[in-house]
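By convention in this document, chain letters (A, B, ...) are assigned in the order of the sequence lines, proteins followed by strands, and residues within each chain are numbered from 1. What you see is a predicted model; the values in this text were computed from it and never measured.
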Amino acid sequence: MTSPTEHLDPALRVEALASLLTERGLLDEATVDNFIKTYEQSVGPMNGAKVVAKAWTDPQYRARLLADGTAAIAELGFKGPQGEQIEVLENTPATHHVVVCTLCSCYPWPVLGLPPTWYKDPAYRSRMVREPRRVLREFGLDLDDNVEIAVHDSSSEVRYMVLPERPAGIEDATEEELAALVTRDAMVGVAKVAAP
Amino acid sequence: MTRGHADASYLLDSAGPAAPPRDNGELVFAAPWESRAFGVALALHDAGYIDWEDFRQALIGEIRDWEAAHPSGEGWSYYECWLRSLERVVSGQGLVAAGDLQARQSQLAARPAGHDHDEAGNGRHHGQPGHH
């Protein structure tokens, strides 16, 4: 059931909604602006990159991260909406994990920020489950046939983050240098982390 | 009202060394209305007026309906689904009646171009032309 107003300009519809809520004292514009600014500027994949780099350099942290992702991530100060239950999936030479949300776009905001456009796209959401190897190839990730691909469908209960494999040949890199290599795509599982 | 601000300080930690999030990314929002629709939903949740799972279920429903009606995927807009869900939950919760929302939309749509001072109507609505 669509209402006739759905053909209106969405900017106008948002304005109508926000103005009524504000007049009724239900909405605080400063809070709205604060949330926008936070997710535009402050919360993003660099948070997850720090988590990954720490896991690569600190075996005890890595163990805690895999046992209880939410708690280990909170140790670094990352928590908040959409991060109530984060499970971390460790990629290995034998198993490659990749994350999708088939129903909507659940995503671990505290470590990755808001999802990119392709993650929300109907094609990604339906095809990653049906033909992951092919979709990954379209992302430029050509996995060997003997690598098992595990596709994880997010839900309201649990959000996933992938712990990518640490690239070889950079044993001397510091945690900060490592964090700079970790990409959002690698933490969703549609890419690997490449050595510099 | 802004109880989330204290909580949200944990979010403002980006001053650290591992600089900007967008190096392999893209703009988070494609248009200002998208960011506003996002911010309004979070603010209403933060103030305790909407339940996030209610909103998520509405969003799942909107996305499912849209996909069923548009098998080609053409014209897809995630934040249009988000906005419809938000309107639905806001009126479902009785925060703003659907009729009031439509009246305000009509009022804003009838505004002369370049004249967006919206005091005139002051919410005394009776369905503007084009609806019902």
Peer 1: On a heavy-atom basis, which atom in B:W52 and which in A:Q82 lie closest, and how many Å separate them?
Peer 2: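 Here B:W52 and A:Q82 meet closest at NE1-NE2, 2.7 Å.
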
Peer 1: Roughly how far, to the nearest 0.5 Å, is the CZ atom of B:R56 from the OG atom of A:S105?
Peer 2: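 Between atom OG of A:S105 and atom CZ of B:R56 there are 9.0 Å.
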
Peer 1: Please report the closest heavy-atom contact between A:K120 and B:W76, naming both atoms and the distance.
Peer 2: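 Answer, listing the atom of A:K120 first, then B:W76: O-CZ2, 3.2 Å.
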
Peer 1: Looking at every heavy atom in both A:I36 and B:G39, which two are closest together, and how far apart are they?
Peer 2: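 Answer, listing the atom of A:I36 first, then B:G39: CG1-CA, 4.1 Å.
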
Peer 1: Measure the CG-OG distance between A:D33 and B:S35 for me, rounded to the nearest 0.5 Å.
Peer 2: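 One finds 8.5 Å between CG of A:D33 and OG of B:S35.
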
Peer 1: Return the minimal non-hydrogen interatomic distance between A:V32 and B:A43, and the atom names on each side.
Peer 2: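 Result for this residue pair: CG2-CB, 3.8 Å.
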
Peer 1: Does the ring center of B:F38 lie less than 6.0 Å from the ring center of A:W109?
Peer 2: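 When the ring centroids of B:F38 and A:W109 are compared, they turn out to be within the sub-6.0 Å range.
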
Peer 1: How about A:R130: does its CZ atom have over 12 heavy atoms from other parts shown lying under 6.0 Å from it?
Peer 2: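 Yes, CZ of A:R130 has more than 12 neighbouring heavy atoms, counting only those of other groups under 6.0 Å.
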
Peer 1: Is the shortest side-chain heavy-atom distance between B:Y78 and A:T117 below 4.5 Å?
Peer 2: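 A side-chain contact under 4.5 Å is absent here.
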
Peer 1: Based on non-hydrogen pairs under 4.5 Å, which of B:E34, B:R64, B:E67 is most in contact with chain A?
Peer 2: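 The candidate making the most pairs under 4.5 Å is B:E67.
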
Peer 1: State, to 0.1 Å, how close A:A11 and B:W33 come at their nearest heavy-atom pair, and which atoms those are.
Peer 2: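 Distance-wise, the nearest heavy atoms are CA-CB, 3.6 Å.
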
Peer 1: Pair B:L42, A:Y39 - check side-chain contact (heavy atoms from CB on, under 4.5 Å), show working.
Peer 2: CA-CA 11 Å; B:L42 263 76; A:Y39 285 95; 3.8 Å; yes

Peer 1: Heavy-atom cut-off 4.5 Å, strictly under: side chain, backbone, both or neither for B:I63 against chain A?
Peer 2: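 Contact with chain A is through the side chain of B:I63 alone.
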
Peer 1: Answer with yes or no whether the hydrophobic clustering places B:I60 together with B:L86; edges join I, L, V, M, F, W, Y residues whose side-chain heavy atoms lie under 4.5 Å apart.
Peer 2: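 Different hydrophobic clusters.
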
Peer 1: What part of A:C101 lies closer than 4.5 angstrom to a heavy atom of chain B: side chain, backbone, both or neither?
Peer 2: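 Interface part for A:C101: neither.
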
Peer 1: When you compare the side chain of A:R13 with that of B:E80, does any pair of heavy atoms fall below 4.5 Å?
Peer 2: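 The answer is yes, as the side chains (C-beta and beyond) meet within the 4.5 Å cut-off.
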
Peer 1: Could you state the interatomic distance from CG (A:L21) to CZ (B:R104), rounded to the nearest 0.5 Å?
Peer 2: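 A:L21 CG to B:R104 CZ: 10.0 Å, rounded to 0.5 Å.
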
Peer 1: State whether the number of non-hydrogen atoms from other residues, nucleotides or ligands found under 6.0 Å of B:E53 atom CD is greater than 12.
Peer 2: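 For B:E53, atom CD is crowded (more than 12 foreign heavy atoms under 6.0 Å).
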
Peer 1: Atom CD in B:Q57, atom CG in A:L103: separation rounded to 0.5 Å?
Peer 2: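 Those atoms lie 8.0 Å apart.
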
Peer 1: Between B:A97 and A:R24, what is the shortest heavy-atom contact and its length?
Peer 2: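 Looking at all heavy atoms of both residues, the shortest contact is N-NH1, 4.2 Å.
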
Peer 1: As an exercise, state the distance from CG of A:L8 to CD of B:Q105, rounded to the nearest 0.5 Å.
Peer 2: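 With rounding to 0.5 Å, CG (A:L8) is 5.5 Å from CD (B:Q105).
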
Peer 1: Can a salt bridge be assigned to the pair A:E15 and B:R36 using a cut-off of 4.0 Å between side-chain N and carboxylate O?
Peer 2: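 No.
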
Peer 1: Mark yes when over 12 heavy atoms from residues, nucleotides or ligands other than B:E74 sit less than 6.0 Å from its CD; otherwise mark no.
Peer 2: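 Counting other residues, nucleotides and ligands, CD of B:E74 stays at 12 neighbours or fewer.
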
Peer 1: Checking A:L17 against chain B: side chain, backbone, both or neither under 4.5 Å from a heavy atom?
Peer 2: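 Both parts, backbone and side chain.
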
Peer 1: Indicate yes or no: at least one non-hydrogen side-chain atom of B:V40 is less than 4.5 angstrom from one of A:F35.
Peer 2: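 B:V40 does not reach A:F35 side chain to side chain.
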
Peer 1: Heavy-atom pairs under 4.5 Å with chain A are the metric here; pick the option from B:L59, B:L83, B:L44 that has the most.
Peer 2: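 Answer, by heavy-atom pair count under 4.5 Å with chain A: B:L83.
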
Peer 1: Drop me the distance from A:L12's CG to B:L108's CG, to the nearest 0.5 angstrom.
Peer 2: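 Result: 5.0 Å between the selected atoms.
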
